[in-house]
Participant: 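My structure is below; once you've seen it, I'll send some questions.
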Amino acid sequence: QVQLVESGGGLVQPGGSLRLSCVASGNIFRINGMKWYRHPPGKQRELVGTIDRDGATSYSDFVLGRFTISVDSARNTGYLQLNSLKPEDTAVYSCNANIKAFPTSSPLDYWGQGTQVTVSS
């Protein structure tokens with residue numbers, strides 16, 4: 001079975017940086033794309049950005065050029081680089097990937113449990 005695990009979160013001061021990882025494991029045939037979401041305290045979950053199979057990325061407006069999404073397909077790992085972090089970026093960051101686990105199965109969306117990013121002095 002397919003599993004996604006995020007890591008790389010932690011406590012960082014305003015203006016700092018973190019790189020989050022999303023490792024997909026299991027009987028993976030292909031990863032069709034990946035999305036990153038975040039869930040700030042007291043707010044609803046929101047989309048951070050996406051990357052498709054061709055490497056094309058798209059970001060929500062609040063990113064303001066500070067974040068970068070990438071994928072290392074050979075390692076089945078996605079990354080979210082967070083720069084110039086602000087207190088309002090504090091949230092649980094989660095990855096979502098559309099994965100075909102078997103050649104004969106239809107692709108499914110999988111979620112990780114998330115990693116906590118806290119921006120505070």
Participant: Just to verify, what does Asp109 make a side chain to side chain donor-acceptor pair (under 3.5 Å) with, not counting sequence neighbours?
Facilitator: Asn98
Participant: Please test Trp111 against Tyr37 for ring-ring contact (aromatic ring centres under 6.0 Å, His included), starting from the C-alpha separation and ending with a verdict.
Facilitator: CA-CA 10 Å; Trp111 285 88; Tyr37 291 83; 4.9 Å; yes
Participant: Say whether, by atom type as modelled, one donor and one acceptor occur between the side chain of Asp54 and the main chain of Ala56 under 3.5 angstrom.
Facilitator: no
Participant: Are any non-hydrogen side-chain atoms of Val71 and Arg53 less than 4.5 angstrom apart?
Facilitator: no
Participant: Apply side chain to side chain donor-acceptor pair (under 3.5 Å) to Ser17 and list each qualifying residue two or more places apart in sequence or on a separate chain.
Facilitator: Asn83
Participant: Do the side chain of Ser60 and the main chain of Leu47 share a donor and acceptor less than 3.5 angstrom apart?
Facilitator: yes
Participant: Output the distance between atom NZ (Lys86) and atom CG (Leu64), rounded to the nearest 0.5 Å.
Facilitator: 5.5 Å
Participant: Sequence neighbours left out, cut at 3.5 Å: what donor-acceptor pairs do the side chains of residues 38-45 make with other protein atoms?
Facilitator:
{"from": "Arg38", "atom 1": "NE", "to": "Glu46", "atom 2": "OE2", "distance (Å)": "2.7"}
{"from": "Arg38", "atom 1": "NH1", "to": "Asp89", "atom 2": "OD1", "distance (Å)": "2.9"}
{"from": "Arg38", "atom 1": "NH1", "to": "Tyr93", "atom 2": "OH", "distance (Å)": "3.0"}
{"from": "Arg38", "atom 1": "NH2", "to": "Glu46", "atom 2": "OE2", "distance (Å)": "3.3"}
{"from": "His39", "atom 1": "NE2", "to": "Lys43", "atom 2": "O", "distance (Å)": "2.8"}

Participant: Test of understanding: with side chain to side chain contact (heavy atoms under 4.5 Å, CB included), list the residues that count as partners of Ser70, not counting sequence neighbours.
Facilitator: Tyr79
Participant: Hey, quick one: are Trp36 and Val63 part of the same hydrophobic cluster, counting side-chain heavy atoms closer than 4.5 Å, chains of contacts allowed?
Facilitator: yes
Participant: Any sub-3.5 Å donor-acceptor pair from Thr77's side-chain atoms to Asp72's backbone N or O?
Facilitator: no
Participant: Can you list everything that forms a side chain to side chain contact (heavy atoms under 4.5 Å, CB included) with Thr68? Sequence neighbours excluded, please.
Facilitator: Tyr59, Gln81
Participant: Could you pull out every donor-acceptor pair under 3.5 Å between side chains of residues 2-12 and any protein atom, sequence neighbours left out?
Facilitator:
{"from": "Glu6", "atom 1": "OE1", "to": "Gln113", "atom 2": "N", "distance (Å)": "3.0"}
{"from": "Glu6", "atom 1": "OE1", "to": "Gly114", "atom 2": "N", "distance (Å)": "2.8"}
{"from": "Glu6", "atom 1": "OE2", "to": "Cys95", "atom 2": "N", "distance (Å)": "2.8"}
{"from": "Glu6", "atom 1": "OE2", "to": "Gly114", "atom 2": "N", "distance (Å)": "3.4"}

Participant: Let me confirm one number: the CE-OG1 distance from Met34 to Thr57, rounded to the nearest 0.5 Å.
Facilitator: 13.5 Å
